Number of protein chains: 2
Amino acid sequence: MPRTNTDVSTDAPTDVLVVGGGIIGLATAWRTAQRGLSVTVLDPDPGRGANRVAAGMLAPVTELQYGEEELLRLGIASNERYAAFAAELTAASGLPTGYRACGTLAAALDADDRAELRELHAFQQRLGLEAEWLTGRECRRLEPMLAPSVRGGLLVTGDHQVDGRRLGAALLRACTAAGVRIHRSRAARIELTDAQDRVVGALAEDGTRLSAGQTVLAAGSWSGEVPGLPPEARLPVRPVKGQILRLRMTTSLGAPLPGGPFLSRNLRAVVRGVHLYLVPREDGELVVGATMEEQGFDTTVTAGGVYELLRDAHELVPGITELPLVETGAGLRPGTPDNAPLLGPTSLPGLVAATGHHRNGVLLTPVTADAVSAYLATGVLPPEAAPFTPARFSLLEASS
Amino acid sequence: MPRTNTDVSTDAPTDVLVVGGGIIGLATAWRTAQRGLSVTVLDPDPGRGANRVAAGMLAPVTELQYGEEELLRLGIASNERYAAFAAELTAASGLPTGYRACGTLAAALDADDRAELRELHAFQQRLGLEAEWLTGRECRRLEPMLAPSVRGGLLVTGDHQVDGRRLGAALLRACTAAGVRIHRSRAARIELTDAQDRVVGALAEDGTRLSAGQTVLAAGSWSGEVPGLPPEARLPVRPVKGQILRLRMTTSLGAPLPGGPFLSRNLRAVVRGVHLYLVPREDGELVVGATMEEQGFDTTVTAGGVYELLRDAHELVPGITELPLVETGAGLRPGTPDNAPLLGPTSLPGLVAATGHHRNGVLLTPVTADAVSAYLATGVLPPEAAPFTPARFSLLEASS
């Protein structure tokens, strides 16, 4: 037992302490509790991390990038589990997740976009992925609100969506129902043994010492900043700012729009080299995102960020001008040097990573929770997560 | 005394009942109380009318329109009183008004704008108004953040600004300090004598009957809708929607921007035929407005409204992209058929108008309050307000 003093109280030790109660931390805690381990989550405002501003696209095939085939496989694995994950979560929590198997259309506005999408399509075909090329006319038949200038597109019927906010609320409820303890405070520091050779829990800002056999670092963009870790154990995570808009696909009086749905599926485009997406939810919300900005921990909504999103969305779907703009927001994606997450054991015994998901946190939630909880319970990281241990960066450094 | 029943309570009669506690209603109530009359204001949320979303430009010379010379004279009269009005209001209330004698620069972005501004300048000179023509270079010397494409402009050193929100709060405080009774409810209807030949007060939605010798209709955009008036006494007021943005002229961390003020004076422009203004306040707020939309009583903020304001403001002052966007809003201007206010006696004895100020409510507050309170106290409308009685519309109808 750690020593106590007058300012520090000590909670009963748990098997697992999860530092950070965003959707990654909560899903990991839920899955870990299902495996019979005792779990505590440390977060001042659980369920409300970067998921609050996420669009919730589940689009590994549409968002495929060259050189990220391993990440693609992880994304596809997670996407394939999503329907069952969402159903189980709703059964456990009694809450909806907004999961919607709607498919995604990626549209090209000019000849350059078209060439880029054609190349993406060829790459998808080489990898055996399902994606269908459509003419501009075919795109507009699927989505009549598309601009007349759309020259073609890719229909990916397997890329879907979920509602990041509903997901957070459902996970929090499922966690408490599964016996996870939620400690509402911030981590003041990670705690190590006196010999500094093992993580033994964390000290909360409210003065509580939370001891645990294993500690999961799931602090999103702050995962590289949590005090207490020796420099060589720090995770290479940085914040990548994203601004996002929420519109309503209703008349100003709140009624459904006449003439059918405004958009029926996720819509993506590259506008002047910038990736844009519009995610229409079943409840009438339309999320438009997102900027990518290297601004440190700044979450200011700027005139320029909102302007660029509206300008590009207006170019792709001119009819958005009539829609109510109900919210603007900014969040921080936990970026890593290779845009892939950090999963599983770290260089420090007792410390496990579940962070660095960058733009894919919502998509990768099921596979992350499955893999990290399996590691916590069995000591073995499942093969789909093996390429993503933090060791890949220390190895790089050692060899340079 | 009016009869009472179980649902209706009756307040002690006052000399004057003001229906509507926006800045026009409150300023009129304040000035009327200063003349020794007893005054009640009826409003569910006084001090928070269209002034909540007004930019607060005091710019009769810059906003001069052909055919509106009488309105110009009224605007100039009000503008000349503003410094003293603001000082007296601050002394009476202990609250700031944000009055700032900063001047206004009207900028031209292209050859068409330049020609239009040149014409405005010639018209101003014919009327003996003070306005100085500047080259694009001279404009940028005054306001270094202006776009390089600005081709010239008009400097009007007498057109200033005030903060509509602070004005509302100060007027409310000054009213209560002057003994004005504030009745926090909405007008259910205007009440007339049984013979329908005289207004005797109003019934509030909370069931209170407010009797008064004279009733002032100062209900902004709703002035044509208040129930109880015979059709021929209805005022020709309609809502004209305006959307507006509030930015901050600070870094994202809240610090002042390096390199001097972002803007030093009001900035106006015509961008693609649309009037745009940027009003920089001393507290760091930058108001960008405003759309003009005939949408009935709709106050939805739309993607298109915000987009157009940001697009046009960005064209005039590219550096706004870096500024935090802290608020979007929409309000309703009380429009009239000739864009001029309705001041003084109506066709119905006991009913006095102080409404229909359209885009000039903030500017015309001092002169409206002076004129209407004079009429209430003496029965004589001062000459500057005489062209603006509602009678001008009934005369038109009678002669057509």
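FYI, side chains are in, hydrogens and waters are out, and symmetry mates aren't considered; it's all heavy atoms of this structure. Order of the sequence lines sets the chain letters (A, B, ...), proteins ahead of strands, with each chain counted from 1. Quick caveat: nothing in here was measured; it's all calculated off a predicted structure.
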(request) Check B:Thr300 against A:Pro324 and note the closest heavy-atom contact, atom names and distance. (result) CG2-CB, 3.3 Å
(message) Just to be sure I understand the criterion: a residue of residues 48-56 of chain B counts if one of its heavy atoms is under 4.5 Å from a heavy atom of chain A. Which ones qualify?
(response) none
(request) State which residue, out of A:Val306, A:Thr328, A:Thr321, fulfils the side-chain contact (heavy atoms from CB on, under 4.5 Å) condition with B:Val306. (result) A:Val306
(request) Measure A:Leu247 against the heavy atoms of chain B and call it side chain, backbone, both or neither at under 4.5 Å. (result) side chain
(message) So, taking the atom named CG in B:Asp312 and the one named OH in A:Tyr307, what distance separates them when rounded to the nearest 0.5 Å?
(response) 8.5 Å
(message) Atom CZ of residue position A:Arg186 - does it have more than 12 heavy atoms of other residues, nucleotides or ligands inside 6.0 Å?
(response) no
(message) Rounded at 0.5 Å granularity, tell me how far CG in A:Leu325 sits from OG1 in B:Thr302.
(response) 8.0 Å
